[in-house]
Number of protein chains: 2
Amino acid sequence: MLMDTRQLAAFCAVVERKSFSQAAERLGVTQPAVSLQVRSLEKRLGQKLLDRSGRRVEPTEAGLALYRGAQRLLALEGQLLDELAAGSEGELSGTLEVGASTGPGSTVVPVLLCEFQRENAGVAISLSISDTQTVVDRVAERELELGVVGAARRHRGVAFELFLRDEVVLACPPGHRFAGKTIDLDDLRDEQLIIMQEGAGVRQVIEDELRGAGTRLRDLEPRLELGLQESARSAVVAGFGVTFISRAAIEADLAAGTLAVARVKGLDPSREISLVRSAGRSSTRAAEAFVAFARAKLG
Amino acid sequence: MLMDTRQLAAFCAVVERKSFSQAAERLGVTQPAVSLQVRSLEKRLGQKLLDRSGRRVEPTEAGLALYRGAQRLLALEGQLLDELAAGSEGELSGTLEVGASTGPGSTVVPVLLCEFQRENAGVAISLSISDTQTVVDRVAERELELGVVGAARRHRGVAFELFLRDEVVLACPPGHRFAGKTIDLDDLRDEQLIIMQEGAGVRQVIEDELRGAGTRLRDLEPRLELGLQESARSAVVAGFGVTFISRAAIEADLAAGTLAVARVKGLDPSREISLVRSAGRSSTRAAEAFVAFARAKLG
DNA sequence: CGCCATGCATAATGGATGCTTATGGACACG
DNA sequence: CGTGTCCATAAGCATCCATTATGCATGGCG
């Protein structure tokens, strides 16, 4: 920007009032100040902008062109300032970029985002599902604004806050002998236990809980390791066994009566789902609104 | 304009380079200067514009909005500066406002203006015909940029310059006994002399010339006073008499053979047609170009 | 024409602003 | 942990800008 805004403002005031003194009065400065400003502008642009004859000041051809252009600049600036001021209020807009690991990514998060978006049409949602570590890394690099993950190694540059507590239950077919019961750990030895692959958040939770009960997962002799949550769920619905799984992941099945749950004595498995944010990043209004919305929904 | 251009420039440089130091380098100032400028801008707008975390500086939501708006402002400003610079060259534009008194206004001036406009399509022409005094007044008041008039009283605030010398001839029908001759003043007493109304420029010229020859217009006993130039010309074409008239006004008739001219011994009438400009007014390029064009045409 | 009022230009001066230098604190990397 | 990089902050100085005072030009009036 080569033009000095005060000079431009002074020039415009002179054009409008056709007088240096009156322009000065309007701007709250003295006449010589206006005189100097306009002269500086004329020097800078290398053109005579005003005809000064006796009592009357009039723009030259170049002066008129500058005045018109200045009005456009001023209008645009006013608009910009209004947008900035209005930015702190009014309708939410922009794109909310969220990453989630597979667990929360396939259950709670999409639903919450869809509901939120329905209430805030001006916001565009971008959800990407990755493994926990990738989500965290991308949040740290500011590629994502929010992450929703289970257990994660601490990572510099990001902050974790509890988002929701995810209860892990033992799912079984609805007519199963475990349905609605509280069983012993030993009862599990005679059942076909379906487990998820290494690295799945729920598997880690269960391993930790069993360890606390003096058992190891492999002592239960699981013969079906079926990858991720959705595979395990489907197998149980189809009657091939039972599995530990996030209650949130089977809410619909429970409501539909296609699955039932049991509890295991001595085990109280749950895990924390965390919200991840980049430590030095100011939140967008959309992100803040989503988080508040989600917390209200999750209770 | 509330925004300081240097602060805006500093802010934009930081956004682009994602670094205060690099922005400072680009702007040719020190890092603290940029730091202060951006902070001043943040304070003025009441919003945090940049996330400053470790090695990396990133715009906040508001910062991004400001940056985008600033780019629009910069683009518009660049455009304006280009227009101003180009204003001294390239195609002529704008409206050229000319006033003329009836004599020149009905002959030379319209033709010149039309020819000029044909060569400068970007220029719009506005010609208004009035009596001499009105033309001069309006030029003085900057309502017209140029005036073209015959004899006029000096007027403060306007400058007169010779535009063309208008020869006054005695017009008669083509087969008339005067056609192509040099007659005596006395020969006019037996002719039907048609004169223009009081105030017409040509009439004044003739009165002055006759006075110099020791005669008065009324000694010639004119019985037809026919208003202005065009009325007189028509009457002569129709054979009702002879009249003194501007040669320029009958060039077409002479070429067509519908009128002829004679000279009168002892009379050499002509008058100066002046160009009038407002004394304190800078000329538009279009006006300058027209004047140069006209002078070249008038030789 | 002369006088007076008005209004812009210019010079001198003082205060505010803005930039620089020096330094401290935070962060990233080896 | 030590080092280097980078932004923030404080202090000091130079520059800039606005003000006051004054000169010059123009316009209006008697």
Side-chain angles (χ1 to χ4, degrees), chain A residues 1 3-11 13-15 17-44 48-60 63 137 140-142 154-159 278-282, chain B residues 1 3-11 13-15 17-44 48-60 63 137 140-142 154-159 278-282:
Chain A
M1 261 204 207
M3 288 193 281
D4 187 278
T5 57
R6 277 167 304 179
Q7 291 172 357
L8 212 47
F11 167 73
V14 173
V15 171
R17 306 300 286 264
K18 298 187 188 301
S19 155
F20 279 73
S21 308
Q22 290 180 35
E25 193 175 319
R26 179 200 277 187
L27 296 171
V29 295
T30 58
Q31 170 263 314
V34 173
S35 185
L36 289 167
Q37 281 168 351
V38 171
R39 198 164 64 155
S40 182
L41 190 58
E42 281 178 320
K43 186 179 175 188
R44 179 169 306 188
K48 188 182 188 197
L49 301 173
L50 296 169
D51 282 331
R52 303 154 170 83
S53 52
R55 298 292 172 85
R56 177 131 158 195
V57 182
E58 290 282 347
T60 60
D137 285 342
E141 295 301 316
R142 296 177 71 113
R154 298 289 103 171
H155 190 292
R156 295 169 63 175
V158 293
S278 174
R281 185 170 184 176
S282 304
Chain B
M1 256 200 210
M3 289 192 282
D4 186 280
T5 56
R6 279 167 302 183
Q7 290 172 358
L8 212 47
F11 167 74
V14 173
V15 171
R17 304 302 284 271
K18 297 186 189 302
S19 155
F20 278 73
S21 308
Q22 289 181 34
E25 194 175 318
R26 178 199 277 188
L27 296 170
V29 295
T30 58
Q31 170 264 316
V34 174
S35 186
L36 290 168
Q37 282 170 349
V38 172
R39 199 166 63 155
S40 180
L41 189 58
E42 281 176 320
K43 185 179 172 187
R44 177 167 305 185
K48 187 182 188 197
L49 302 173
L50 296 171
D51 283 329
R52 304 155 168 84
S53 51
R55 298 291 173 88
R56 177 134 158 195
V57 181
E58 290 281 348
T60 60
D137 285 343
E141 295 302 316
R142 296 177 70 114
R154 298 290 101 174
H155 191 293
R156 293 171 63 173
V158 294
S278 173
R281 185 170 183 175
S282 304

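Keep in mind that the numbers below use all heavy atoms, side chains included, and drop hydrogens, waters and symmetry copies.
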>> Would you say that more than 12 heavy atoms from the other residues, nucleotides or ligands in this model lie under 6.0 Å from the CD of A:E25, or not?
In response: no

Whole Å only: how far is the [atom1] atom of [X] from the [atom2] atom of [N]?
X: A:D51; N: C:dC8; atom1: CG; atom2: C1'; result: 14 Å
X: B:L49; N: D:dC7; atom1: CG; atom2: C1'; result: 16 Å
X: B:E42; N: D:dC7; atom1: CD; atom2: P; result: 13 Å
X: B:E141; N: D:dG27; atom1: CD; atom2: P; result: 11 Å
X: A:R44; N: D:dC16; atom1: CZ; atom2: P; result: 11 Å
X: B:K48; N: D:dC7; atom1: NZ; atom2: P; result: 14 Å
X: B:Q22; N: D:dC7; atom1: CD; atom2: C1'; result: 13 Å
X: B:R56; N: D:dT5; atom1: CZ; atom2: C1'; result: 16 Å

Within less than 4.0 Å of OP1 or OP2 of [N], is there a side-chain N or O belonging to [X]?
X: A:S21; N: C:dG7; answer: no
X: A:R52; N: C:dG7; answer: no
X: A:S19; N: C:dC8; answer: yes

> Roughly how far, to the nearest 0.5 Å, is the CD atom of A:Q22 from the CZ atom of A:R17?
Replying inline: 5.0 Å

> Hey, what do you get for CG (B:L27) to CZ (B:F20), rounding to the nearest 0.5 Å?
Replying inline: 11.5 Å

> Partners of A:S40 by side-chain contact (heavy atoms from CB on, under 4.5 Å), sequence neighbours excluded?
Replying inline: A:Q7

>> Test your reading of the model: is there a side-chain donor-acceptor pair from B:T60 to the backbone of B:L49, 3.5 Å cut-off?
In response: yes

> Is a side-chain donor or acceptor of A:Q31 paired with a backbone partner of A:A24 at a separation under 3.5 angstrom?
Replying inline: no

> If the sugar-phosphate is the primed atoms plus P, OP1 and OP2 and the base is the rest, what is the B/S/- string for nucleotides 11-21 of chain C, using protein heavy atoms under 4.0 Å?
Replying inline: --------SBB

What residues form a salt bridge (charged side-chain N to carboxylate O under 4.0 Å, His left out) with [X], not counting sequence neighbours?
X: B:D51; result: A:R142, B:K48
X: B:R26; result: B:E16
X: B:E58; result: B:K18, B:R56

> Between the axis at one end of the helix from C:dC1-D:dG30 to C:dG30-D:dC1 and the axis at the other (five pairs apiece), what's the angle to 10 degrees?
Replying inline: 30°

